[in-house]
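Below: the structure, in structure tokens.
Treat the numbers as computed from the prediction; the structure is a model and nothing was measured.
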Amino acid sequence: MATINFGGVLEDVVTREEFPMEKAREVLKNETIAIIGYGVQGPGQALNLKDNGFNVIIGQRKNSKTWDKAVADGWVPGETLFEIEEAAEKGTIIQYLLSDAGQITLWPTLKPFLTKGKALYFSHGFGITYKEQTNIIPPADVDVILVAPKGSGTSLRRLFLAGQGLNSSFAIFQDATGHARDRVIALGIGVGSGYLFETDFKKEVFSDLTGERGTLMGCIQGIFAAQYKTLRDNGHSPSEAFNETVEELTQSLMPLVAENGMDWMYANCSTTAQRGALDWWKKFRDATQPVFDELYASVAAGKEAQRSIDLNSQADYREKLNAELEELRNSEMWQAGAAVRKLRPGK
């Protein structure tokens, strides 16, 4: 492992230099990796592993949209694409990449195929961390491991095809074979991680649920909506409000922040923008800190997990969800966004 200085804190991470792809292939040369679930993470991880030379099969239900997607992606029925039970039986490493709700539903079907010496792999710590609610309790004689790419499966695949990588966390919940560490790191390298940092299942799910509800999705939508409303209420056009709220951030500033950091951005903008940003960022921090503290406490108490389980189990949940998404889609801000995207050069 390499020791890196993260803002004055030393942290051990795994990079491709000390754990190259050749080593990962050697570790997993006798393994069959069965991907159960071909939705959000499944396609990206499966295709990256396949292209990197690993033995990968897919487990999906026939006559489903995801089965058809797998066929369209080049997986061959009866050769690399199987019904879930057959794939689980063949796999020595089972990557359990269904949604959290899907994992709960399928668990009684999957568990009998977790025979001694196999590995059960997750990309989210939800099912294990909240096992009292999910009833996902693995047998004691299998490895239980996690690799969590810090982004969507689509991003993982896109960056892989561009010759880049998406950073991932990894964790070991149960090392039954004595080889769990090599297995999980090899898989992390194989799926296309830029580098790997170690965590545990609980910390992964706590940070993930906080991030999704916070700056990654929930908070950023709330901030967008608030600033957009303020501009519209003060007579600015939808185009101006959207461009100043979303378009400039996502298309111009965030890529530069990703490349160089916020400190660089502050140092390389106009003096007026620089002064305003320096004057106001702490006000926003202080205003939102109590909300983030409340959010984390809710995650740690299991309230967010229980709410997700309860709502996802309702028969009409999908209908209610679609109504919420439709409300978001039909808001003036995102209708303006759709118009702006169509006007981008090259569209």
Side-chain angles (χ1 to χ4, degrees), residues 2-11 13 15-17 149-152 154-169 192-197 207-208 210-292 295 333-334 336-347:
T3 301
I4 308 296
N5 188 330
F6 288 92
V9 178
L10 297 179
E11 185 175 336
V13 300
T15 70
R16 300 177 192 180
E17 282 68 37
K150 298 299 106 181
S152 69
T154 301
S155 298
L156 185 72
R157 182 61 176 167
R158 184 174 65 245
L159 288 169
F160 175 84
L161 292 174
Q164 302 173 40
L166 191 64
N167 301 329
S168 303
S169 60
S193 301
Y195 74 84
L196 294 155
F197 60 95
S207 62
D208 192 71
T210 300
E212 290 168 348
R213 287 151 179 75
T215 60
L216 302 179
M217 295 176 68
C219 174
I220 198 70
Q221 165 60 21
I223 291 172
F224 282 166
Q227 178 171 303
Y228 183 89
K229 182 178 185 301
T230 293
L231 291 173
R232 290 288 288 126
D233 286 351
N234 283 278
H236 297 268
S237 70
S239 180
E240 184 168 52
F242 185 85
N243 274 279
E244 291 295 341
T245 299
V246 179
E247 189 76 352
E248 185 173 354
L249 174 70
T250 58
Q251 296 301 299
S252 176
L253 301 185
M254 279 297 106
L256 292 175
V257 172
E259 291 174 14
N260 304 294
M262 188 65 81
D263 55 326
W264 182 94
M265 176 60 66
Y266 277 29
N268 287 274
C269 63
S270 72
T271 56
T272 302
Q274 182 184 79
R275 183 67 265 147
L278 289 168
D279 287 345
W280 279 88
W281 80 264
K282 291 180 181 178
K283 295 178 187 289
F284 285 106
R285 178 200 62 190
D286 294 345
T288 58
Q289 191 69 61
V291 180
F292 279 102
L295 167 58
M333 181 173 70
W334 290 114
V340 168
R341 289 193 294 276
K342 289 178 182 178
L343 293 172
R344 289 176 188 161
K347 292 293 184 180

For a 4.5 angstrom cut-off between non-hydrogen side-chain atoms, does [X] reach [Y]?
| X | Y | value |
| --- | --- | --- |
| Arg275 | Thr271 | no |
| Glu11 | Ile4 | no |
| Met217 | Gln221 | no |

Trace of the side chain to side chain contact (heavy atoms under 4.5 Å, CB included) decision for Arg344 with Gln251: CA-CA 10 Å; Arg344 289 176 188 161; Gln251 296 301 299; 3.4 Å; yes
salt_bridge(Lys282, Asp286) N-O dist < 4.0 Å: no
Carboxylate-amine/guanidinium contact Arg341 Glu247, below 4.0 Å: no
Atom CZ of Phe6 with >12 non-hydrogen neighbours under 6.0 angstrom: yes
Just by distance, do the side chain of [X] and the backbone of [Y] share a donor-acceptor pair under 3.5 Å?
| X | Y | answer |
| --- | --- | --- |
| Ser152 | Ser155 | yes |
| Gln274 | Tyr266 | yes |
| Ser193 | Leu196 | no |

Glu244/Leu231 under side chain to side chain contact (heavy atoms under 4.5 Å, CB included): CA gap, chis, key distance, verdict: CA-CA 9 Å; Glu244 291 295 341; Leu231 291 173; 4.2 Å; yes
If every non-hydrogen atom of [X] is compared with every non-hydrogen atom of [Y], which pair is closest and at what distance?
| X | Y | answer |
| --- | --- | --- |
| Ile220 | Leu216 | CG2-O, 3.7 Å |
| Arg16 | Gly192 | NH2-O, 3.6 Å |
| Trp264 | Asn268 | O-ND2, 2.8 Å |
| Gly214 | Leu295 | N-CD2, 4.0 Å |
| Met265 | Leu256 | CE-CB, 3.5 Å |

Gap between atom OG of Ser239 and atom CG of Leu343 - 0.5 Å precision: 8.0 Å
Gap between atom CG of Leu166 and atom OH of Tyr195 - 0.5 Å precision: 10.5 Å
Of all pairs that satisfy salt bridge (Lys or Arg N to Asp or Glu O under 4.0 Å), the ones with a partner from residues 226-241, not counting sequence neighbours: Lys229-Asp233, Arg232-Glu332
Residues Ser168, Lys150; criterion side chain to side chain contact (heavy atoms under 4.5 Å, CB included); working and verdict: CA-CA 5 Å; Ser168 303; Lys150 298 299 106 181; 5.8 Å; no
Pair listing, ring-ring contact (aromatic ring centres under 6.0 Å, His included) test, anchored in residues 219-255, at least two apart: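 Counting only pairs at least two positions apart or across chains, the ring-ring contact (aromatic ring centres under 6.0 Å, His included) contacts touching residues 219-255 are Phe242-Trp334.
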Distance-only side-chain donor-acceptor flag, Thr210 / Ser207, under 3.5 Å: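 Absent: no donor and acceptor within the cut-off.
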